[in-house]
Amino acid sequence: MKRTKIIDLTGEKIGQEVVVKGWVKQFRQNRFLIINDGSTINNIQAVVDHETMDASLLETITTAAAVSVSGQLVESQGRGQSVEVLVNSIEVLGTADPEALQETILQPKRHTLERLREQAHLRFRTNTFGAVFRVRHALAFAVHKYFNDRGYFYLHTPIVTGSDAEGAGEMFRVTTLPFNDTPRDEDGKVDFSEDFFGKETNLTVSGQLEAELGAMALGQVYTFGPTFRAENSNTSRHLAEFWMIEPEVAFNDLNDNMDLGEDFLQYCVNYALEQCKDDLAFLHDREVQAEKQKPQNERNELNLMDRLKFVVDNDFERLTYTQAIDVLLNSKPHKKKKFKYPIEWGVDLQSEHERFLVEKHFKKPVILTDYPAKIKAFYMRLNDADEQGRETVAAMDILFPGVGEIMGGSQREERYDVLKAKCAEAGIPEEEVWWYLDTRKFGTAIHAGFGLGFERLVMFVTGMTNIRDVIPFPRTPKNAEF
RNA sequence: GCUUCUUUAGCUCAGUUGGUUAGAGCAUCUGACUGUUAAUCAGAGGGUCCGGGGUUCAAGUCCCUGAAGGAGCGCCA
């Protein structure tokens with residue numbers, strides 16, 4: 001008989017014989033067998049009549065064992081669940097020695113997230129990580145569905161790149177050269193002509209430049225792939241290997257780009273709200289419980305569901321960087337000297353400033369545009385200087401409650417001469433980016449796009465506060481376990 | 001990379017001005033109970049106090065040093 005997934009054991013199936021396979025969460029009183037199969041956060045209770053069951057079989061049913069039970073699905077006599085399985089027969093597919101289990105996070109106890117992280121290979125079995133990774137899947141699917149439904153083409157940009165012009169951070173070198181007796185030229189420098197690709201290569205830090213090439217032919221494209229940064233970043237928001245989403249659209253200006261970013265984020269959050277109700281309810285409760293343990297001043301003002309609705313129900317407030325600086329300069333916390341970092345035109349905003357704008361001042365998600373050219377990347381389109389002669393670029397950052405910046409994008413510099421000059425200014429040799437400059441020579445057109453770290457989105461939607469807990473196997477400085 | 005905190009039983013932690021045999025809850029095991037759902041009750045086992053060095057009659061406790069982890073900052077997505 002084919003197994004039925006727990007998610008499909010609904011009231012309509014009452015009276016039917018079913019086979020359920022999964023892992024034992026708990027076995028109480030030799031009678032109540034709680035099973036989860038990963039299809040949902042919800043468990044099924046299988047009721048065993050221990051008087052008619054083989055006692056030696058029952059002894060092998062321990063926490064974390066894999067079992068197959070068959071029996072009739074009935075309305076539950078107890079209160080905690082609507083249906084349960086009256087067991088006819090049980091097969092233990094894989095045992096789990098309780099003494100050995102003590103060494104693992106599968107022992108039926110609360111564990112800290114740090115402990116769970118050390119056993120990332122087993123943490124999928126926990127309620128929290130089951131929920132997180134089901135939500136992660138739903139969001140990944142929503143990304144593809146959103147773009148596909150709107151006629152975007154999924155472009156696979158290279159993972160090994162021969163260009164180090166993205167300037168987005170330190171890169172991981174890809175090489176087959178030996179560590180000893182590395183071939184060197186007359187000046188003693190490594191001779192990469194002997195390397196596998198015949199040149200210096202690295203893991204990609206961004207697919208954006210390549211995505212622009214695609215957009216300048218296919219019209220609208222997006223990338224969604226792994227990205228690597230060799231930065232020694234020790235924070236709860238950075239990974240050495242993460243997944244990035246980068247749409248790029250020909251003929252879009254900054255306003256179109258903002259429309260796209262806002263619509264996309266609302267779509268993804270909505271999709272999770274609709275598709276992951278049980279998981280999000282669990283994560284919500286989990287966060288509420290955790291918040292209770294914190295002192296008042298460290299608590300989140302908005303709980304998880306509030307924050308998700310905050311994004312879905314509000315139009316995003318749009319203003320320029322210059323306007324934002326004015327708002328901040330006139331704000332109460334600034335006048336009362338509550339901000340830790342100074343506010344001044346030309347410096348990047350700190351997360352305390354971003355959070356003030358979103359959570360206190362506008363009380364809605366915020367899109368900041370037109371940042372000072374000096375603090376943004378070379379490929380962003382240069383605006384006309386303002387009356388004070390200050391140079392800005394057509395950039396946009398979307399700010400969310402709790403997390404601050406969730407997305408960054410811009411209209412790209414489409415003018416060949418301006419782009420060439422900005423490359424020179426940024427110290428990028430022309431021979432490195434000749435292919436990128438070519439699109440500005442042959443039928444250039446305005447275009448725009450953005451980038452968003454997928455894990456940041458998963459963090460926002462699940463409420464997890466450490467990025468290592470929203471990717472199955474995190475890669476961080478000094479850690480590549482599993 | 002910087003600042004700061006943490007490291008004691010399988011897990012989460014307590015451990016007083018340095019002083020006899022290092023404790024609790026949960027988990028595990030044994031038994032009782034058997035419509036429970038954080039089950040309950042009784043009992044048992046379980047320790048290289050993160051590693052190294054030092055001070056002292058005496059160190060889980062004080063000092064130095066190393067490692068791992070957390071939080072914050074920088075960099076950024």
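These values consider heavy atoms only, across backbone and side chains, with no hydrogens, waters or symmetry-generated copies.
You'll find a donor-acceptor pair under 3.5 Å spanning the side chain of A:Gln107 and the base of B:G10, going by distance alone.
Annotation: A:Phe473 is in aromatic contact with A:Phe124 [ring centroid separation under 6.0 Å]. Checked against a 6.0 Å centroid threshold, the rings of A:Tyr154 and A:His156 count as neighbours. Close placement of the A:Phe356 and A:Phe339 rings is indicated, their centers lying within 6.0 Å of each other. Outside the 6.0 Å centre-distance limit, the rings of A:His353 and A:Tyr341 are not counted as a close aromatic pair. A:Phe224 and A:Phe454 have their aromatic ring centers within a separation under 6.0 angstrom.
Here B:C76 is the nucleotide among B:A71, B:C76, B:U28 with the atom lying nearest to any side-chain atom of A:Arg229. Out of B:A77, B:C75, B:A27, the shortest distance to the side chain of A:Ser233 is found at B:C75. Proximity note for A:His111 (side chain, C-beta onward) versus B:C75, B:C11, B:A38: the nearest is B:C11. Nearest nucleotide to the side chain of A:Glu103, out of B:G10, B:G74, B:G1: B:G10.
Nucleic acid contact for A:Phe450: none, since no nucleic acid atom lies under 4.0 Å from a heavy atom of the residue. Note on A:Thr104: nothing from the nucleic acid sits closer than 4.0 angstrom, heavy atoms only. Here A:His238 lies in heavy-atom contact (under 4.0 Å) with a base. Nucleic acid contact class of A:Arg237 (heavy atoms, under 4.0 Å, all strands): base.
Rounded to a whole Å, the CD atom of A:Gln208 is 14 Å from the C1' atom of B:C76. Look at CG on A:Leu113: it is 16 Å from C1' on B:U6, rounded to the nearest Å. In this structure, CD1 of A:Ile375 is placed 13 Å from P of B:G74, rounded to the nearest angstrom. Atom pair A:Leu116:CG and B:G10:C1' shows a separation of 14 Å (rounding to whole Å applied). To the nearest angstrom, C1' of B:A71 lies 16 Å from CD1 of A:Ile467. Summarising the geometry, the separation between CD on A:Glu241 and P on B:A77 is reported as 17 Å, rounded to the nearest angstrom. Atom CG in A:Asn234 sits roughly 11 Å away from atom C1' in B:G69 (whole-Å rounding). B:C73 atom C1' lies 12 Å from atom CD of A:Glu352, rounded to whole Å.
Close to B:U12, at under 4.0 Å from its OP1 or OP2, lies a side-chain N or O of A:Arg115. Under 4.0 angstrom from either OP1 or OP2 of B:A71 there lies at least one side-chain N or O belonging to A:Asn466. A sub-4.0 Å separation between OP1 or OP2 of B:G70 and a side-chain N or O of A:Arg117 is present. Dashed line: the shortest gap from a side-chain N or O of A:Gln102 to OP1 or OP2 of B:G46 is not under 4.0 Å.
A:Trp243 and A:Thr227 share no side-chain donor-acceptor pair at under 3.5 Å. Inspection of the A:Asn234 and A:Lys478 side chains reveals no N or O donor paired with an N or O acceptor under 3.5 Å. For A:Gln72 and A:Asn88, the side-chain atoms include no donor-acceptor pair closer than 3.5 Å.
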Practice problem: Apply the test side chain to side chain donor-acceptor pair (under 3.5 Å) to residues A:Asn252 and A:Asn257: give CA-CA distance (whole Å), side-chain angles for both, the deciding distance (0.1 Å), then the verdict. | Solution: CA-CA 6 Å; A:Asn252 262 15; A:Asn257 206 30; 5.2 Å; no

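Going from the P atom of B:U8 to that of B:G60 covers 15 Å, rounded to whole Å. Distance check on atom P: B:A39 versus B:C26 gives 12 Å, rounded to whole Å. To the nearest whole angstrom, the two P atoms, one in B:A24 and one in B:C63, are 29 Å apart. Here the separation of B:G23 from B:U61, taken at their C1' atoms, is 15 Å to the nearest Å. Nucleotides B:G18 and B:U55, compared at atom C1', are 12 Å apart to the nearest Å. If you take atom C1' in B:C49 and the same atom in B:C13, they sit 13 Å apart, rounded to whole Å. With C1' as the reference atom, B:A14 and B:A9 are 13 Å apart, rounded to whole Å. For the C1' atoms, the distance linking B:C64 with B:A59 amounts to 15 Å, nearest Å.
Here the options are A:Val358, A:Asp397, A:Ile398, the test is side-chain contact (heavy atoms from CB on, under 4.5 Å), and the partner is A:Val366; only A:Val358 passes.
Of the two residues contacting RNA chain B, namely A:Gln350 and A:Phe242, the nearest-nucleotide position lying further toward the 5' end is that of A:Gln350.
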Pairs under 3.5 angstrom, nitrogen or oxygen only, protein versus nucleotides 34-36 of chain B, please.
residue	atom	partner	partner atom	Å
B:U34	O2'	A:Arg31	NH2	3.2
B:U34	O2	A:Gln29	O	3.0
B:G35	O6	A:Gln77	NE2	3.1
B:G35	N1	A:Glu84	OE2	3.0
B:G35	N2	A:Gly78	N	3.2
B:G35	N2	A:Glu84	OE1	2.9
B:G35	N2	A:Glu84	OE2	3.0
B:U36	O4'	A:Gln29	OE1	3.2
B:U36	O2'	A:Arg28	NE	3.2
B:U36	O2	A:Arg28	NE	3.0
B:U36	O2	A:Arg28	NH2	2.8
B:U36	N3	A:Gln45	OE1	3.0
B:U36	N3	A:Gln45	NE2	3.2
B:U36	O4	A:Gln45	NE2	2.8
B:U36	O4	A:Gln81	NE2	3.0

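Listed by first residue number, the stems of RNA chain B with at least three Watson-Crick or G-U pairs below 3.5 Å are B:1-7 with B:67-73, B:10-13 with B:23-26, B:28-32 with B:40-44, B:50-54 with B:62-66.
In this structure, the separation between OG1 on A:Thr204 and CZ on A:Phe228 is 8.5 Å, given to the nearest 0.5 Å.
Ring pair A:Phe400/A:Phe316 is perpendicular by interplanar angle, where above 60° counts as perpendicular and below 30° as parallel.
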